[in-house]
Amino acid sequence: MSLHSLQTLAYDVERIRQDFPILAVQPHGKPLAYLDNAATTQKPRCVLDAMMHYYTHLHSNVHRGVHYLSEQATAAYEHARDIVASFIGARRREEIIFTRGTTESINLVAASWGGAFLRPGDEILLTVFEHHSNIVPWQLVAQRTGAQIRVVPLEPDGSFFVERALEAITEQTRIVALAHVSNVLGIVVPVAPIIEHAHRVGAVVLLDGAQAVAHMDVDVAELDCDFYAFSSHKVYGPTGIGVLYGKAELLERMPPYQGGGDMIRRVTFEHTTYNDLPYKFEAGTPPIAEAVGLGRALEYVDSIGRAAIAAWEEQLVASCIEQLVQIDGVQLLGPERGRAAVVAFSVEGVHPHDIATFLDREGIAIRAGHHCAQPLMDFFGIPASSRISVAMYSTEEEIERAATALRKCITVFRF
Amino acid sequence: MELSDELRQLYQEVILDHHRAPRNYGTLEPHTHQAEGYNPLCGDQIELFLRVNDAGIIEDARFTGQGCAISRASASLMTEALKGKSIEEAHTIFERFHHAVTSDPTAPIDADRLGKLVVLLGVREFPTRIKCATLPWHTLEQALAGGGTTTTE
Ligand SMILES: Cc1ncc(COP(=O)(O)O)c(C=O)c1O
């Protein structure tokens, strides 16, 4: 028996589902099939408990008091940083900066690094499938600095050729900012050659890992990326917190993003000196309970095993694609293979919102819309699409229910 | 799989019919009024054209665009309802429809005054979809106010 099938044999999805209280909700009296995990994942009880425990026993402000609770809160918050560092393979804990989420992480890099180092004529390289949060911050800093945005295209059939990215990296390229996993195409981008090539011309690379960390092993040191951004709420943790990893030598050279408490060493009205990493980038009271919840979520993921989760999800995605492509009029966005947990599609003659409403009444939650990737929708010439996305607690039965409801929906709308 | 009652109310046969075969679909030349409507949430867009004669009567109304079944059916039914009406009457129909569609799902329906438009009121059970039904109507108000682009969110 292959390692792959051994892993999925041992995978006890029913036991995992017991850990997620919300899965018992019955929308419109139907069992919930939550297939909108790319938007946000649900939270296991241990994460909720950890946050409750924090507020019940440990809460105070961090890095400020000398009293018992302040020490407890600081220890809990900093422990979460250690968990994150080890989860993504950062060499040093001070390379982990807590932010509000992927969006703020990217804005931090664009404003601080971009504001300090971009010059007129410099190029910022993005791909056509970026999330708006990895487009708009770069437009803002391009306007301020006179840098230019260039965009790596897709092939006419929607597939991604890494050669196109390599060709687009030039002597003018200062930063390449791209998704590690696309939130629409689902593709796992082969980032290694891109990072290597970018470094050869002296450019830095930011990976948007929002759709990656919950579904695969991520090791930032091995990837050798310069920045890595992700959101807690997409990896079973609470909303309101996210992570920016940055190489220490880069973060040291970057100016602060926001000013306030915690990020300073000494303030006078004439001159302020800044705190060390990572605090230089964490102005104000941070989301402490959320950090604790995130740390617990990552421990939970590792207790199940990232390889096991990935193998499970791979089967579900393969089965989902197999069922969808058999339905007349369904057009898959992106390739059939090389995907993480996301399957987006369009249906000829049926609007995604009608599909989502229809499935919702069956208790099935999927996403309909532009998925914050309007340039990609424009590329496909569609205003919106539907998206099924799985998580560690998703089941084959849920995928079948979605496919059955979709077939029924198409019959109602077309004939 | 049986359709739930709410779904059946939302997607009544009349609506599906107007979705599959929208009435008054296309551009209108010459026209006197034109406006675009856009719903950034779902990417729906509509372009509406009116030809109003010297007596202030809407002689013809047409629309183009991409949208869900609800917004298409709403635009189709709206253009039917507008033809032959004065601008003042068009405003009244807008008010009446807008009031009805944003009212509580349990509120009584004045079917006599709404005419065929009552089929759109199933949307009241679906708060996230009300904007789909009202997009063409806000575009109408925009067109009558002199044109441009209107956005619903
Ligand atoms: C690829 C990608 N990047 C960025 C984001 C933004 O994440 P957040 O809204 O948590 O900041 C998302 C989530 O919607 C995403 O899928």
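Note that the structure is a prediction, hence the values are computed from the model and not measured. Each chain gets a letter, A, B and so on, in the order the sequences are listed, and its residues count up from 1.
Residues A:Pro383 and B:Gln66 approach most closely at CD-OE1, 2.9 Å, considering heavy atoms. Residues A:Arg361 and B:Leu7 approach most closely at CG-CG, 3.5 Å, considering heavy atoms.
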Would B:Tyr11 and A:Thr357 count as a side-chain contact (heavy atoms from CB on, under 4.5 Å) if you check the C-alpha gap in whole Å, the side-chain angles of each, and the deciding distance to 0.1 Å? CA-CA 10 Å; B:Tyr11 295 121; A:Thr357 291; 3.8 Å; yes
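Heavy-atom neighbours of B:Arg51 CZ from other residues, nucleotides or ligands within 6.0 Å: above the threshold of 12. A:Glu400 CD: more than 12 foreign heavy atoms inside a 6.0 Å radius. Crowding of A:Gln323 atom CD: a count of heavy atoms from other residues, nucleotides or ligands under 6.0 Å exceeding 12. By the 6.0 Å contact criterion, CZ on A:Arg144 is enclosed, its count of non-hydrogen atoms from other residues, nucleotides or ligands being greater than 12. Sparse packing is recorded around CD1 of A:Ile22, with 12 or fewer heavy atoms of other residues, nucleotides or ligands lying under 6.0 Å away.
Each of B:Cys132, B:Ser71, B:Ser4, B:Gly67 has some count of heavy-atom pairs under 4.5 Å with chain A, and the biggest count is that of B:Gly67. Contacts with chain A were tallied for B:Asp44, B:Leu10, B:Ile15; B:Asp44 has the most, counting heavy-atom pairs under 4.5 Å.
The interface of residues 83-108 of chain B with chain A, defined by heavy-atom distances below 4.5 Å, is empty. Residues of residues 347-355 of chain A lying under 4.5 angstrom from chain B, judged on non-hydrogen atoms, are A:Gly349, A:His351, A:His353, A:Asp354 by number.
For a residue to count as touching a neighbouring chain, one of its non-hydrogen atoms must lie under 4.5 Å from one of that chain's; by this rule B:Glu6 touches chain A with the side chain only.
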